[in-house]
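Read through the structure below, which is laid out as structure tokens, and then see the notes.
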Amino acid sequence: EDQVTQSPEALRLQEGESSSLNCSYTVSGLRGLFWYRQDPGKGPEFLFTLYSAGEEKEKERLKATLTKKESFLHITAPKPEDSATYLCAVQAESGGYQKVTFGTGTKLQVIP
Amino acid sequence: ETGVTQTPRHLVMGMTNKKSLKCEQHLGHNAMYWYKQSAKKPLELMFVYSLEERVENNSVPSRFSPECPNSSHLFLHLHTLQPEDSALYLCASSQDIRVVLDGYTFGSGTRLTVV
């Protein structure tokens with residue numbers, strides 16, 4: 001069974017204090033790993049897709065990396081507006097469609 | 001309107017009521033999904049539709065009944081729910097069910113409370 005584990009569950013940072021969020025996964029036949037951002041009262045918003053070990057993608061203060069067992073979301077010099085829950089998900093093939101398994105998320109709070 | 005729109009945003013219903021959730025996507029996508037999000041739990045896939053055809057029913061109780069009249073609209077009909085069904089119900093779409101390159105596009109969800 002595909003599994004996704006995110007850590008830490010919650011993270012509190014001072015503005016400008018860089019850190020990383022972890023996503024560990026076990027999946028049969030990884031087709032892609034997604035990162036999403038979710039603000040309170042809203043649906044998840046797509047950030048990145050990573051396909052193979054060694055791949056990296058960046059967007060503003062966020063950088064996502066992928067190895068064969070885990071992915072990291074690095075946040076450089078965060079701002080209060082980066083506060084949100086960050087979700088990781090893995091995609092695998094299942095019966096003709098791409099099954100996506102989500103983690104429980106890391107709730108990030110950035111304090112001014 | 002653009003993206004994925006869900007209505008209503010909030011819904012309170014008694015256990016004997018019947019209600020429906022609506023989802024509409026304006027992206028020209030071929031696949032639509034219903035997910036359930038409960039506190040401290042990962043998103044749970046409920047139903048998958050591809051071009052109006054249901055391709056997955058993820059062991060969801062029959063008190064949840066999906067309907068997809070066309071590739072732009074998705075409904076979730078609710079009846080005789082239980083308090084544990086209270087959650088955020090999210091609709092999502094993607095270009096195709098076989099390849100999800102840019103992830104899903106989610107709606108803002110319906111916050112359902114069963115009393």
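By convention in this document, chain letters (A, B, ...) are assigned in the order of the sequence lines, proteins followed by strands, and residues within each chain are numbered from 1. Everything quoted here is computed from the prediction, not taken from an experiment.
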Residues, nucleotides or ligands: over 12 heavy atoms within 6.0 Å of E53(B) CD
no
Contacting moiety of Y36(A), where chain B heavy atoms sit under 4.5 Å:
side chain
So which of A89(A), P44(A), G105(A), G41(A) has the biggest tally of heavy-atom pairs under 4.5 Å with chain B?
P44(A)
Ignoring hydrogens and geometry, is there a side-chain-to-backbone donor-acceptor pair from Q25(B) to G28(B) under 3.5 Å?
yes
With a 4.5 angstrom heavy-atom cut-off, which part of Q6(B) approaches chain A: side chain, backbone, both or neither?
neither
Count the heavy atoms of every other residue, nucleotide or ligand shown that sit under 6.0 Å from NZ of K57(A), and state whether that count exceeds 12.
yes
Could you verify whether a donor N or O on one side chain and an acceptor N or O on the other, from Y33(B) and S94(B), lie under 3.5 Å apart?
yes
So, does T110(B) use its side chain to make a donor-acceptor pair with the main chain of P8(B) at under 3.5 Å?
yes
Do you know which of E9(A), Q38(A), R31(A) has the most heavy-atom pairs with chain B at a distance under 4.5 angstrom?
Q38(A)
When you compare the side chains of H77(B) and S20(B), does any donor N or O come within less than 3.5 Å of an acceptor on the partner?
yes
Is it the side chain or the backbone of L43(B) that comes within 4.5 Å of chain A heavy atoms, both, or neither?
both
Which atoms of V48(B) are under 4.5 Å from chain A, going by heavy atoms: the side chain, the backbone, both sets, or neither?
side chain
Is chain B contacted by the side chain of V4(A), its backbone, both, or neither, given a heavy-atom distance below 4.5 Å?
neither
Would you mind checking which part of Y104(B) comes under 4.5 Å of any heavy atom in chain A, side chain (CB onward), backbone (N, CA, C, O), both or neither?
both
Between chain A and each of L45(B), D102(B), V55(B), count heavy-atom pairs under 4.5 Å; write down the option with the most.
D102(B)
Between A92(A) and D2(A), which heavy-atom pair has the shortest distance, and what is it?
CB-OD2, 3.7 Å
